[in-house]
Protein chains: 2
Amino acid sequence: MTKQRITISDVAKKAGVSPTAVSFAFNKPEQLGKETLERIFEAARELGYAANPYARALHSGSIGSLGVLVPQSISSIFSNPFFAAFLQGMGVMCDEKGIGLLTLAVQDNNLEAAIAKAPVDGFVLVGLNEDHEEVAPLIKRNIPTVIVDGDGSQFSTVNVDDEGGAYQAAKYLLDQGHRDIRILTFETPYNHLEYVYFGVGGRRLRGYQRAFQEAGLDWNDEYLVPTIASIEGGQDSFMQLMAQKRQPSAVLAVSDAMAIGVVLAAKQANLRIPQDLAVIGFDDIPLAELMSPALSTVNQPVTEKGRLAADLLISALEEGQHKAQHFMLPTTLILRDTTR
Amino acid sequence: MTKQRITISDVAKKAGVSPTAVSFAFNKPEQLGKETLERIFEAARELGYAANPYARALHSGSIGSLGVLVPQSISSIFSNPFFAAFLQGMGVMCDEKGIGLLTLAVQDNNLEAAIAKAPVDGFVLVGLNEDHEEVAPLIKRNIPTVIVDGDGSQFSTVNVDDEGGAYQAAKYLLDQGHRDIRILTFETPYNHLEYVYFGVGGRRLRGYQRAFQEAGLDWNDEYLVPTIASIEGGQDSFMQLMAQKRQPSAVLAVSDAMAIGVVLAAKQANLRIPQDLAVIGFDDIPLAELMSPALSTVNQPVTEKGRLAADLLISALEEGQHKAQHFMLPTTLILRDTTR
DNA sequence: AGCTTTTAGTAAAAGGTTTTAGAAAAAATG
DNA sequence: CATTTTTTCTAAAACCTTTTACTAAAAGCT
């Protein structure tokens, strides 16, 4: 026997009033007489009544939670310290407003379906551009949305100076005299190298490239090593690099996880860091500082990024139509033990 | 001008059919003729129609996402590596089933309100017991629920042998001859020491206690140092300990974050680890292995815990009524550089 | 041709809430 | 006391979808 859900009518019947009165009791108590109010609350408490959130949302159009959409599996999101920090930042705002945070699994193909089904008032899109075809429905149905690490004009965007940070990192190594530098990039779909110049990874790459060119070096796709964005990925890539004839004196990685993998693999191979191998990562995740040797890296204000994104989204939600704003937060080269 | 949401009737009108037909097109296409079907899909595509998830949920009772309820702020959840691993585990299952994961802000007082408002099909409760008064509505309205790190009989539970793991840790230090051991416990509400014996922290404490008693030592609440569960918390607590007359030769911490803080503070004070100070944490978060000196700790299968919890919840959802199952996963003492 | 079965589609109810417009009763006003 | 205003409460519409029960037309059968 499945217990029937308690509805507003059940409470109304028990309290001897109309369903409207019960609704008023919770939403506009000033509309009701004092003792009726008491009676309704009493009945509701006894029956354990709580308004059906879907019925409420159907009417009001709002459900009280935000969606975070990342074109990756949920499990990979949570294993990524970058997202942990980012979600923490969003969490600060959500806590303040008593709002839930829905992380969405997105098998790349059915992004559109995920958007349609999600019980949220608005989205934060990470690593997707406004002109992505599957993002179109959000525009069409004008659902409040904020884009992070991606381009857009109708929606507000929050980005970070990836190009500048990468430039600084590469310039630093080049100024130190390094000429054999390898670059660990995000893995590309279908191993198609041109994809590597898209998105966040692409922006970082262009920063490295600019530094190389200013130093009078040819930019060569041979420098690039597509790598899975994880510690293991970094280890694997570096082990492969060591197997080659020409060994790098320095490694630039587009993510800290990869860089840490490189450091681990180099330590196992008894390379001295930074003498035999210099490494600079990207992101400045907490582990970068805590590991030893501590990782040199490019800091980006991840938590602030999350906080700002949530803030923009919530403002848009509260104020109805909201003018799109575009933010570019600074990045900073942080030198620790894996360089110099 | 706010764009009106496209409804099923809009599509119906455009395709020249009844709303029912449109619904059938998406849910029971075999009920419709081939060319009508085409016409409906065409109209839906042009208008950018997607069924309102709330209306659908109102009818079907299911919305396709799971709630994770932790009696902490969202922001503190994501900054906690334990939860990152736990959510990753849940994420594996959610990915498989295409289900969203809603993390809920819970200001302790309005836990009940959060439960009532959440657009989810079921809950995973972390660190709450079934008999918690605010959990009652879940039972009353029999919403599928799984309890993690807490007790329950009606709901399935997933726990870990906290007591046994703690016992092993304490026994190891005592066997090594340590007699000046301090124990970093979870902070208690209102600084009321008796709360320390509740919940997960309490189970771990009882493990330490058993080892102490078997070693013929008095158990003394003076050993206990309530500490905020973070790296900074651990640092602060250890700095206070060092300021005292009697210095500990070893520290047991109920969480790795605290333990890491202790190690950091001890390093800054130029203590040699493990010679001057031995440390054993709890949880075995990824950082424990990667930091240096690598942290000795008690491993618990956190990701598996998350996976199992989600699995149990999803099964309960799919199979309707489901018999409660109770799991107790093993813990293992992992000795690394901060001991012996 | 007359009957039954199948196919293709529709009307209406159900799901639970909020809000608008309005009614009845009570209180205030002159 | 009659009239207006205020207070307290209700009926009904709206929100949007799915499902059940049903009809009309077409097809199959003897």
Side-chain angles (χ1 to χ4, degrees), chain A residues 2-41 43-44 47-64 113 116-121 137 141 143, chain B residues 2-41 43-44 47-64 113 116-121 137 141 143:
Chain A
T2 37
K3 275 176 219 160
Q4 262 305 315
R5 167 155 201 142
I6 305 290
T7 77
I8 204 170
S9 312
D10 298 325
V11 178
K13 204 168 296 170
K14 177 146 192 168
V17 293
S18 74
T20 308
V22 178
S23 176
F24 279 154
F26 288 100
N27 304 307
K28 292 190 176 169
E30 70 276 8
Q31 293 276 308
L32 259 40
K34 195 167 174 193
E35 61 240 41
T36 331
L37 213 52
E38 294 277 299
R39 217 168 58 243
I40 293 175
F41 285 142
L47 294 172
Y49 168 75
N52 182 318
Y54 308 128
R56 183 190 279 252
L58 179 56
H59 196 273
S60 72
S62 138
I63 191 73
K117 285 193 344 190
V120 299
D121 297 331
R141 293 162 42 200
I143 298 172
Chain B
T2 36
K3 273 176 221 157
Q4 264 304 318
R5 168 157 201 141
I6 306 290
T7 76
I8 204 170
S9 312
D10 298 324
V11 178
K13 205 169 295 172
K14 175 147 195 165
V17 294
S18 73
T20 308
V22 178
S23 175
F24 280 154
F26 288 100
N27 304 307
K28 292 190 177 168
E30 70 276 9
Q31 293 276 310
L32 258 40
K34 198 170 173 192
E35 62 239 41
T36 331
L37 214 51
E38 294 277 301
R39 219 168 55 245
I40 293 174
F41 285 142
L47 294 171
Y49 169 75
N52 181 318
Y54 308 127
R56 182 190 279 253
L58 180 56
H59 197 273
S60 73
S62 138
I63 191 74
K117 286 193 345 190
V120 300
D121 297 332
R141 293 161 44 202
I143 298 171

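From a predicted model like this one, the values you see are computed outputs, not experimental measurements. Below, chains carry the letters A, B, ... as their sequence lines are ordered, and counting in each starts from 1. The figures that follow rest on heavy atoms only: side chains count, while hydrogens, waters and symmetry mates do not.
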Heavy-atom pair of closest approach, residues [X] and [Y]:
X        : Y        : answer
B/Ile143 : B/Asp121 : CG2-O, 4.1 Å
B/Ala55  : A/Leu58  : CB-CD1, 3.7 Å
A/Pro19  : A/Ser9   : CG-OG, 4.3 Å

task: Check every strand shown and say whether B/Leu58 touches a base, only sugar-phosphate, or nothing at a heavy-atom separation below 4.0 Å.
output: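 Base contact - B/Leu58 has a heavy atom under 4.0 Å of at least one base atom.
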- prompt: So what does A/Thr36 touch, heavy atoms closer than 4.0 Å: a base, only the sugar-phosphate, or nothing?
  reply: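 Sugar-phosphate contact only - A/Thr36 comes under 4.0 Å of backbone atoms but never of a base.
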Student check: side-chain heavy atoms of A/Leu32 and A/Val17 closer than 4.5 Å: no
In whole angstrom, what separates [X]'s [atom1] from [N]'s [atom2]?
X       : N      : atom1 : atom2 : answer
A/Ile6  : C/dT17 : CD1   : P     : 10 Å
A/Arg39 : D/dT8  : CZ    : P     : 13 Å
A/Ile8  : C/dT19 : CD1   : P     : 11 Å
A/Arg56 : D/dC16 : CZ    : P     : 18 Å
B/Leu37 : C/dG9  : CG    : C1'   : 13 Å
B/Lys34 : D/dA26 : NZ    : P     : 20 Å
B/Lys13 : C/dT10 : NZ    : C1'   : 16 Å
B/Ile63 : D/dT17 : CD1   : C1'   : 12 Å

Nearest 0.5 Å, what's the [atom1]-[atom2] distance between [X] and [Y]?
X       : Y        : atom1 : atom2 : value
A/Arg56 : B/Lys117 : CZ    : NZ    : 8.0 Å
A/Leu37 : A/Gln31  : CG    : CD    : 11.0 Å
A/Leu47 : A/Thr7   : CG    : OG1   : 9.5 Å

B/Lys14: partners by side chain to side chain donor-acceptor pair (under 3.5 Å), with sequence neighbours left out: B/Glu46
statement: Contact check, residues 48-55 of chain A vs DNA chain D, heavy-atom distance under 4.0 Å, returns none
task: Return the residues of residues 17-31 of chain B meeting this criterion: a heavy atom under 4.0 Å from some atom of DNA chain D. Order them by number, or give none.
output: B/Thr20, B/Ser23, B/Phe24, B/Asn27
- prompt: Looking only at N and O atoms, is any donor in the side chain of B/His59 or the base of D/dT17 less than 3.5 Å from an acceptor on the other one?
  reply: no
- request: May I ask you to decide if the ring planes of B/Phe26 and B/Phe41 are parallel, tilted or perpendicular, using 30° and 60° as cut-offs?
  value: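 The arrangement is perpendicular - the two ring planes meet at more than 60°.
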